[in-house]
There are 2 protein chains.
Amino acid sequence: MSLHKDHITIYDIARRAGVSAATVSRVLNKHFNVSTETRERVEKIIQEQHYEPNEIARTLHNRLSRTIGLLVQSLNNPFFVKICNEAEEYCDNIGYTLLIGITSNDFQKESKLLNTFLKKQVDGFILLGGRANEFHPDKEMIAEMDLMSKHVPIVFINGGVGFKNCFVVNTDEAMAFDSIMKYLFSCGHKKIGLITGQRNLWTTDEKVRIYKENLKKNRYGLQEDWIVSGEYTIESGEQCMNKILSRKKLPTAVACTNDILAIGAMRAVLHKGLKIPEDVSITGFDDIFMAAEFIPPLTTIRQNYSLLAAHAVRTIIDYIEGKEIEKKIIIKAELIVRDSCASPRN
Amino acid sequence: MSLHKDHITIYDIARRAGVSAATVSRVLNKHFNVSTETRERVEKIIQEQHYEPNEIARTLHNRLSRTIGLLVQSLNNPFFVKICNEAEEYCDNIGYTLLIGITSNDFQKESKLLNTFLKKQVDGFILLGGRANEFHPDKEMIAEMDLMSKHVPIVFINGGVGFKNCFVVNTDEAMAFDSIMKYLFSCGHKKIGLITGQRNLWTTDEKVRIYKENLKKNRYGLQEDWIVSGEYTIESGEQCMNKILSRKKLPTAVACTNDILAIGAMRAVLHKGLKIPEDVSITGFDDIFMAAEFIPPLTTIRQNYSLLAAHAVRTIIDYIEGKEIEKKIIIKAELIVRDSCASPRN
DNA sequence: TTGTATGCGTTATCAC
DNA sequence: GTGATAACGCATACAA
């Protein structure tokens, strides 16, 4: 059984138009040196026959697939999905195709997909989560990315520390988390807890750093058992919050390093019969699509998804076109104040 | 600037091994007719050089890309994401690549992606949501799918009514929704409302049909203003429930045609100060990943994601391999009883 | 068992 | 302005 039957080639068009394949190709690629007369004749036949050039053959010849590979850790996190959507749209607008690979945060699968996609001649990679996020990538991983980047450009979104030959497009997470801390201070909170996902991730450790920095600067004292780390799931957020709620002294506010954790944290608080924000204020990070739907709606940070995605894609295109490009692009985020924070009770 | 520099071809390997490219090709494709001696020599060099055959060239020659295109309506619905994940994994296991396209429920974008992917020589399409779900697809759409299916096989997941030359893998939504109704009856509910997403969708209208059928059969009477339709968003679910709650007579239970709507419905109920399930029982459909995390955890239907995805992919592979295949595969779903339903108050 | 020649569909380089 | 031809990298039919 053979696929793609009855497909029309450039030769079919050429024959019908009484010209050579070369001329048809020139028409397709909008070259000047073809007379208006033949151009129109060829174009008419192309339309009639619904002819579409074979991208595979083009790719083989041009060594350009007009396809970008996006390796994403998971589609369960709405934040990642947002980036995928934006990247896809941006690609689509410029005639590119986005090839999405799901890595499940498995480094082996990442390697496999990297190779599979490379064999398919993608013009570049965007990495989102997974190894991109490693705070201390090991030598092997660095070597692999190094080798890969000899073939095609690689862009990390929110990460990429330590990969010298790669490009980076990052949200200014430090400044964003700083604005959360400042906001909590401005509400009057001095006793602030922190719930994080996995440590040794860029996304996590930066926030921990800012958290500690802020408390020290304000001399509010750092209570180590108010910092609880788990992983980025709802269940884990719940468990972490339960741990905090079991302390003798309780904080009046708890910051979470993403919204998913915040969902879990809120659940735990409500289960104890406590109220948000009256008894404890909660903050998140990412502004996932349901953050506004929580009860109460969550105060969080909205990353500039479309800019992140656009710059990532743009970086690859510019690289291909031989343009000057920045190694590192930092993008501002925005504090979204909703109802999950209030002043602490006396 | 040129991409994919320094890449090794089958000729490089051939030269190094002192054989012809044909022999290398035979080694790569595990043909018998090559002596153990040369096979080992060639394999050694392939390893040393980290040679990987160019999939684009292979595709051009074989007319098989070992790539399947999955057109999905949106990645914001966790149900769709589940299917994507399962399909990706299944493809990966059999050496295929899944090309995911996001259609945003826009028929034009669907057409565009269909063509883009076809030009990239995908070996088949899986359609999820979007036009697949149309209860009454128009002539134009049918014609397009008809034409497309002359080139490559097309499989619809949960839909595909009216597309004669396409394949279908569906959850038995009718039976599943029937089990929800029966369950509510068994709890003692006789006054049951219904919240749906867009009408004229396969996914919606089947459930409405079953809903009405059940009420009639039990002679509980059909209260038309307990049936409210919106779209498949949280906000819409909330609005629909608010409408129901504004009626003079209230139902004791409300079934929602998916979990997203149920989230919104629950929000509305809680906002009115009512309790779930004491004051009103709620059911969903899909068992999205947070359904167990709602307050209270949602009683819903779990579709067999992995079977749906596996059969969809399998259908395409079998078609390519010229095997006998079923036009229509129906897969059972499972009622997941949690805490969002109880017996009605007297 | 192995090598040669050819084609897959397109584009670029030459000629004319 | 247009056409023949080679090349992209691989795999097959055929020859040896």
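Reminder, nothing fancy here: chain letters follow the sequence lines and each chain counts from 1.
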Requested in this report: Would you confirm whether B:N158, through its side chain, and B:N170, through its main-chain N or O, come within 3.5 Å as a donor-acceptor pair?
Outcome: no

Requested in this report: Take atom CD of A:Q49 as the centre, draw a 6.0 Å sphere, and report whether it contains more than 12 heavy atoms from other residues, nucleotides or ligands.
Outcome: yes

**Report entry** Enclosure of A:E52 CD (heavy-atom neighbours >12, cutoff 6.0 Å)
**Finding:** yes

Requested in this report: Anything under 30° is parallel, anything over 60° is perpendicular, the rest tilted; go ahead and classify B:F156 against B:F163.
Outcome: parallel

**Report entry** Selection: residues 8-23 of chain B, any non-hydrogen atom under 4.0 Å of DNA chain D
**Finding:** B:T9, B:I10, B:Y11, B:A22

**Report entry** Strand-adjacent residues in residues 32-45 of chain A, judged by heavy atoms under 4.0 Å from DNA chain C
**Finding:** none

Query raised in the report: Does a side chain donor of either A:S111 or A:R131 reach within less than 3.5 Å of an acceptor in the other side chain?
Result: yes

Report task. Please test A:E88 against B:L113 for side chain to side chain contact (heavy atoms under 4.5 Å, CB included), starting from the C-alpha separation and ending with a verdict. Result -> CA-CA 11 Å; A:E88 204 269 346; B:L113 282 172; 4.0 Å; yes

Query - For the student: nearest non-hydrogen atoms of B:I102 and B:K109, plus distance - result: O-NZ, 3.4 Å

Query raised in the report: From the 5' end of DNA chain D to its 3' end, which nucleotides mark the outer limits of contact with chain A, defined by a 4.0 Å heavy-atom distance cut-off (strictly under)?
Result: D:dG1 to D:dG9

Query raised in the report: Once you build an axis from the first five pairs and another from the last five of the helix from C:dT1-D:dA16 to C:dC16-D:dG1, how far apart in angle are they, to 10 degrees?
Result: 50°

**Report entry** Carboxylate-amine/guanidinium contact A:E37 A:R41, below 4.0 Å
**Finding:** no

Query raised in the report: So, for B:A309 and B:I83, which heavy atoms are closest and what is the spacing to 0.1 Å?
Result: CB-O, 3.9 Å

Report task. Name every residue in residues 115-122 of chain B that has at least one heavy atom under 4.0 Å from any atom of DNA chain C, in order of residue number, or write none if there are no such residues. Result -> none

Report task. Taking all non-hydrogen atoms of both residues into account, name the closest pair between B:D12 and B:T9 and its distance. Result -> OD2-N, 2.8 Å

Query raised in the report: If you count the non-hydrogen atoms of other residues, nucleotides and ligands that lie under 6.0 Å from CZ in B:R16, is the total more than 12?
Result: no

Query raised in the report: Is a side-chain donor or acceptor of B:N62 paired with a backbone partner of B:L64 at a separation under 3.5 angstrom?
Result: no

Query raised in the report: Between B:I68 and B:I317, is any pair of side-chain heavy atoms under 4.5 Å apart?
Result: yes

Report task. Might you point out which heavy atoms bring B:S149 and B:C166 nearest each other, and give the distance in Å? Result -> CB-SG, 4.5 Å

Query raised in the report: Are the charged groups of A:E48 and A:K44 less than 4.0 angstrom apart, N to O?
Result: yes

Query raised in the report: How close do B:G69 and B:F117 get, heavy atom to heavy atom, and via which atoms?
Result: CA-CD2, 3.9 Å

Requested in this report: For A:E86 and A:S306, work out which heavy atoms get closest and say how close.
Outcome: OE1-CB, 3.1 Å

Query raised in the report: For DNA chain C, which nucleotides open and close the run of contacts to chain B, 5' to 3', at under 4.0 angstrom from a non-hydrogen atom?
Result: C:dT1 to C:dG9

